[in-house]
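What follows is one structure encoded as structure tokens, with my remarks underneath.
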Amino acid sequence: MTSANLIMLFAILAYLAVVVGIGAVLAKKNHTTEDFYLGGRKLGPFVTAMSAEASDMSSWLLMGLPGVAYVTGLADAAWTAIGLAVGTYVNWLIVAKRLRFYTHACGNATTLPLFFSNRYRDEKKILSVIAAVLIIIFFVPYTASGFAACGKLFSSLFGWDYIPAMVISAIVIVAYTTLGGFLAASTSDFLQSIIMTIAIIVVFGFGIHNVGSFGAVVDNARAMAGYFSLTQIHDPVSGTASAYGALNIASMLAWGLGYFGMPHVLLRFMAIEDAKKLELSRRVASIWVVISMTVAIFIGVVGNAMTAVGSIPALEDSETIIITIADLIATHGVFAALIAGVILAGILAATMSTADSQLLAASSSASQNILKEVFMKDMDEKTGMRVARVTVLLIAVIGMFIARDSNSSVFQIVSFAWAGFGASFGPLVLLALFWKRSNLPGALAGMVSGGVMVFVWKFLVRPMGGVLGIYELLPAFLVALAVNVAVSLLTAEPSREIQEEFDQVASMK
């Protein structure tokens, strides 16, 4: 291992020690399962904003998005980013405050599945159990993608075997999450968002300097057919361009619909201490998301230009573009190697900030919404804490097993899980918050149909291609919404108690 690699490794280990330390310090504040899973609803506006977006962006921001732009140009990456930016803003604008009020008003719900059951007075807990199962189904592979990203990082940079590198990274994530719970995850996510920001800015600036100028980067992009266009997509094999029509654009914009159903983002809305501060959180979150995704996309474009001028080799795995650039930075001296270490810590931060939240969301679903509500109704708080931590460990082990394949694509795994949550929970969250006529049969039918349609469209319909080859989130979301509304209208209206509670929450400011 070279001296530059040792310096980068030192920076990464120092960062890992800090996040584990955060978990150890905040472990003392976890006295109940509400503390462990929701931080006692005591998050401030900046931590709420940045932890929500850091947990959302994940390794997809620093690996998946630049990787797509590196290969095919702007179209796929840019329209996805635009959809996500709009979805982020609208989610904060219309969902955040209403969800904070509603989850507190109906039984002080600490998880999304529990909110669904309380909102619709589902005494048999069928809704929350099915919601919990869907969370586990979609979050375990999502968590696995984070573990895989960590394994790729260490394997690519230091030449380590992939599986040991992935397992060690997962152990660190599990350690501080198990110790400190939601508060540790949110606090570390805030720190991680800062490191992620530093990483993308430094890589972007270095890349432009290496190529010569931003104009040179643009010239390289324009020289490739369809690469620098929003209405065409570049084919790197043939060097030609194909049309990127309205259906493709709508399909990518549909990524924004996913936000309405993301448990790890919605939990931040539920956990803020003062709902009046959500406006500040919205502004901070929206600005950060727009800037970070724009820079991430252009890192892919810059990376392509660096390959064209011979600074870096053509990449077999485009998702390692930032790792490759960081490795090049490290060759410019001791200080540069330290900066490269911070960049790599940024990739770890992006990965860990999502994996910790996903572990907690999946764990809460398994321990609270399945074990406690169905099988262990008399579980006390002490036992609940033990079950919560053991569940985190078990889910992490399953995630590591799934992540054992080093060839898995971070972008593809994330896109499927994103569609699953967006279609299963997105329409349900919106109708639960804003439509008084929505009832339990409609909620159940809509949620299940959305989750099933994601699988049907992904594996049966989409492979047919043509107009059917769109991202599965859009058709599944629309089906779930339509089914929820139709079934609600065809069955009995909600009880007077539910309607009065809805009116009470709607009047809150």
Side-chain angles (χ1 to χ4, degrees), residues 57-89 199-201 203-208 210-258 286-309 311-312 314-315 317-322 324-325 350 409-412 414-415 418 469-471 473-474:
M57 286 293 119
S58 74
S59 53
W60 176 85
L61 176 69
L62 298 186
M63 297 183 74
L65 195 60
V68 169
Y70 175 88
V71 175
T72 61
L74 291 183
D76 251 352
W79 285 116
T80 301
I82 291 170
L84 289 173
V86 173
T88 296
Y89 181 80
I200 59 176
I201 291 175
V203 168
F204 181 64
F206 175 83
I208 291 175
N210 182 269
V211 174
S213 66
F214 186 71
V217 172
V218 173
D219 289 341
N220 174 75
R222 286 176 172 166
M224 294 179 285
Y227 190 90
F228 207 60
S229 170
L230 292 177
T231 57
Q232 291 182 309
I233 190 166
H234 177 69
D235 183 347
V237 177
S238 65
T240 60
S242 57
Y244 201 84
L247 195 59
N248 297 106
I249 292 172
S251 177
M252 292 298 99
L253 288 176
W255 274 76
L257 296 173
S286 300
I287 291 171
W288 186 82
V289 162
V290 170
I291 293 175
S292 63
M293 287 195 298
T294 300
V295 175
I297 290 170
F298 273 94
I299 285 174
V301 177
V302 170
N304 191 292
M306 293 176 71
T307 296
V309 299
S311 298
I312 60 174
L315 301 178
D317 184 353
S318 63
E319 291 183 345
T320 62
I321 178 62
I322 289 185
T324 304
I325 295 176
S409 168
V410 172
F411 188 87
Q412 292 302 320
V414 170
S415 69
W418 189 268
I470 62 174
Y471 182 34
L473 173 54
L474 181 57

Passing candidate, side chain to side chain contact (heavy atoms under 4.5 Å, CB included) with Met306, options Ile321, Val217, Val211:
Val211
Heavy-atom side-chain proximity of Ile200 to Ser292 below 4.5 angstrom:
yes
Nearest-0.5 Å distance that lies between atom CH2 in Trp255 and atom OG1 in Thr88
12.0 Å
Please report the closest heavy-atom contact between Ala78 and Leu230, naming both atoms and the distance.
CB-CD2, 3.5 Å
Would you give the length of the straight line joining atom CH2 of Trp418 to atom OG1 of Thr80, rounded to the nearest 0.5 angstrom?
11.0 Å
Nearest heavy-atom neighbours spanning Ala69 and Gly300
CB-CA, 4.2 Å
Tell me if a side-chain donor or acceptor on Tyr227 pairs with a main-chain N or O of Ala241 at a distance below 3.5 Å.
no
Can you tell me how far the OG1 atom of Thr320 sits from the CD1 atom of Ile312, to the nearest 0.5 Å?
8.5 Å
Considering non-hydrogen atoms only, spot the tightest contact between Leu473 and Gly258 and give its length.
CD2-N, 3.7 Å
Pairwise side chain to side chain donor-acceptor pair (under 3.5 Å) hits with a residue in residues 68-77, at least two apart
Tyr70-Thr307, Asp76-Tyr244
Which pair of non-hydrogen atoms, one from Pro66 and one from Ile322, has the smallest distance, and what is that distance?
CG-CD1, 4.3 Å
Report the distance from atom CD1 of Ile470 to atom CE of Met252, rounding to the nearest 0.5 Å.
9.0 Å
Taking atom CG of Leu253 and atom CG of Asn248, what is their separation to the nearest 0.5 Å?
11.0 Å
For a 4.5 angstrom cut-off between non-hydrogen side-chain atoms, does Val203 reach Val302?
no
First locate atom OG1 of Thr294, then atom CD1 of Ile299, and finally report the distance between them rounded to the nearest 0.5 Å.
11.0 Å
Identify the heavy atoms of Ala77 and Ile297 that sit nearest to each other, and give their distance.
O-CD1, 3.6 Å
Residues Leu474 and Ala254: closest non-hydrogen pair is CB-CB, 3.7 Å
Hey, are the side chains of Leu315 and Thr324 touching, using non-hydrogen atoms and a 4.5 Å cut-off?
yes
Backbone of Ala225 reached by a side-chain donor or acceptor of His234 within 3.5 Å
yes
